[in-house]
Undergrad: 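Have a look at this one before I ask anything.
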Amino acid sequence: MENAVRVEGVSKSYGSTIALSSVWLEIQKGTIHGIIGPNGSGKTTLMRILSSLTQRDAGKVSVLGLDPSVSPLQIKRIIGYVPENPALYQSMTTTEYLNFVGSVRGIDSAHHDSLTKAFVKSLELEEYVDEPIGSLSFGSKQKVSIISALLHDPQVIILDEALKGVDPRSSRVIRDLLKALSRNGKTVLFSTHVIETVDTLCDRLSILYRGRIIDTGNAAELIERNGKGGSTLEDVFLNTTSEAPVGNIGDDLAGMMGSER
Ligand code: ADP
């Protein structure tokens, strides 16, 4: 199958901090690929490099045949990027902001109107559309950010911890939408440190830790290669991405807190 994204030996440092260290990754077109890693493992840096927002120090990157550092404008046309923290104009209302995005993207206005209405209804934002974005909850801002990244029907969708703070119903709607888009040939890259939902959402997963890809495969392969009998994906994630085993830390802390009721 055709690769939509190819990352070959990519490295990136900020001063003396190594954010990515020779990362190799291939993502097939029409699949959902998860990047799981604890805070600081390099997920955002990798996604920003693919989206042309950060320059790599070394290595090669191709997104549908384009190098983000050479063709940033074309990359922005084919990618929908949802940053970890929504970067929105706080004083605009949701309607104003989505109309602004539609006009910048050059989306046909009749299509834009019906699409934004459907998104707003499906993600239960109707009562907030005329409120300034600055007054919305984090989860509602995140929903506006997701809608604005999808309106131009991008070929590649990059979501950085995008479901953080989103209520369970809308989270489900968005995950179902991403699955439907991938069936239609769109490629999705989804980063998270929340393990519960990734194995049902993603076709393949990469574990990223301290700027290195520890392993890539589907959930069963990752468990088989990195776990013991009875291990879950969460066990594998915790064992491969932390220096200190979780063990009985929770029980020990509860014990130290005393037994009074
Ligand atoms: P994640 O998304 O997995 O939390 P990041 O890519 O944000 O990881 O960060 C990887 C490492 O790079 C961290 O040590 C982080 O502190 C560092 N880092 C990220 N962005 C910057 C920056 N703009 N300046 C300095 N250090 C950064």
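As the structure lists them, so they are numbered: ligands from 1, and atoms in each ligand from 1.
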Undergrad: So, is Glu84 polar-close to ligand 1, with some N/O to N/O distance under 3.5 Å?
TA: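 No, no N or O pair falls under 3.5 Å.
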Undergrad: May I ask you to list the atoms of ligand 1 that are less than 4.0 angstrom from any heavy atom of Ser41?
TA: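 Ligand 1 atoms under the 4.0 Å threshold to Ser41: 1 (P), 3 (O), 8 (O).
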Undergrad: Could you grab the distance from atom CD1 of Ile174 to atom CD1 of Ile147, nearest 0.5 Å is fine?
TA: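 Ile174 CD1 to Ile147 CD1: 8.0 Å, rounded to 0.5 Å.
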Undergrad: Among protein heavy atoms, which lies nearest atom 8 (O) of ligand 1, and at what distance?
TA: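 Sorting protein heavy atoms by distance from atom 8 (O) of ligand 1 puts Gly42 N, 3.0 Å first.
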Undergrad: Please name all residues satisfying salt bridge (Lys or Arg N to Asp or Glu O under 4.0 Å) with Asp153, sequence neighbours left out, ordered by chain then number.
TA: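 Partners of Asp153 under the salt bridge (Lys or Arg N to Asp or Glu O under 4.0 Å) test: Lys186.
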Undergrad: Decide, yes or no, whether a salt bridge links Asp167 with Arg172 under the criterion of side-chain N to carboxylate O below 4.0 Å.
TA: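 Arg172 and Asp167: not salt-bridged.
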Undergrad: What is the closest protein heavy atom to atom 10 (C) of ligand 1, and at what distance does it sit?
TA: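 Atom 10 (C) of ligand 1 sits closest to the protein heavy atom Gly40 O, 3.4 Å.
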Undergrad: Cation-pi check for Tyr14 against Lys12: NZ or CZ below 6.0 Å from the six-membered ring centre and within 45 degrees of the axis, yes or no?
TA: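 Judged by the rule, Lys12 and Tyr14 form a cation-pi pair.
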Undergrad: How far is atom 12 (O) of ligand 1 from its nearest protein heavy atom, and which residue and atom name does that atom have?
TA: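 That would be Ala19 CB, 3.5 Å.
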Undergrad: Could you tell me whether Phe138 atom CZ has more than 12 heavy atoms of other residues or ligands within 6.0 Å of it?
TA: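 For Phe138, atom CZ is crowded (more than 12 foreign heavy atoms under 6.0 Å).
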Undergrad: Counting heavy atoms only, name the option from Thr45, Asp160, Leu208 that's nearest to atom 6 (O) of ligand 1.
TA: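 Looking at heavy atoms only, the winner is Thr45.
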Undergrad: Which protein non-hydrogen atom lies closest to atom 16 (O) of ligand 1, naming both residue and atom, and how far is it?
TA: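 Nearest protein contact, heavy atoms only, for atom 16 (O) of ligand 1 is Thr17 CG2, 4.8 Å.
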Undergrad: With a cut-off of 4.0 Å, which atoms of ligand 1 are near a heavy atom of Asn39?
TA: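 Counting from 1, the qualifying ligand atoms are 4 (O).
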Undergrad: Quick one: look up the protein heavy atom nearest atom 7 (O) of ligand 1 and list residue, atom name and how far away it is.
TA: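 That would be Thr44 CB, 3.6 Å.
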Undergrad: Considering residues, nucleotides and ligands other than Tyr128, do more than 12 of their heavy atoms fall under 6.0 Å from its OH?
TA: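 No - once you tally the heavy atoms of other residues, nucleotides and ligands closer than 6.0 Å, there are 12 at most.
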Undergrad: Report the residues that fulfil side-chain contact (heavy atoms from CB on, under 4.5 Å) with Val104, sequence neighbours left out, ordered by chain and then residue number.
TA: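 Result, side-chain contact (heavy atoms from CB on, under 4.5 Å) vs Val104: Phe100.
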Undergrad: Check ligand 1 against Pro38 and write out every atom of the ligand that is under 4.0 Å from a heavy-atom position of the residue.
TA: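 Checking each atom against Pro38, I get 3 (O).
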Undergrad: Can a salt bridge be assigned to the pair Asp160 and Lys43 using a cut-off of 4.0 Å between side-chain N and carboxylate O?
TA: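 Salt bridge absent between Asp160 and Lys43.
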Undergrad: Please write down residue, atom name and distance for the protein heavy atom closest to atom 27 (C) of ligand 1.
TA: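 It is Tyr14 CD1, 3.2 Å.
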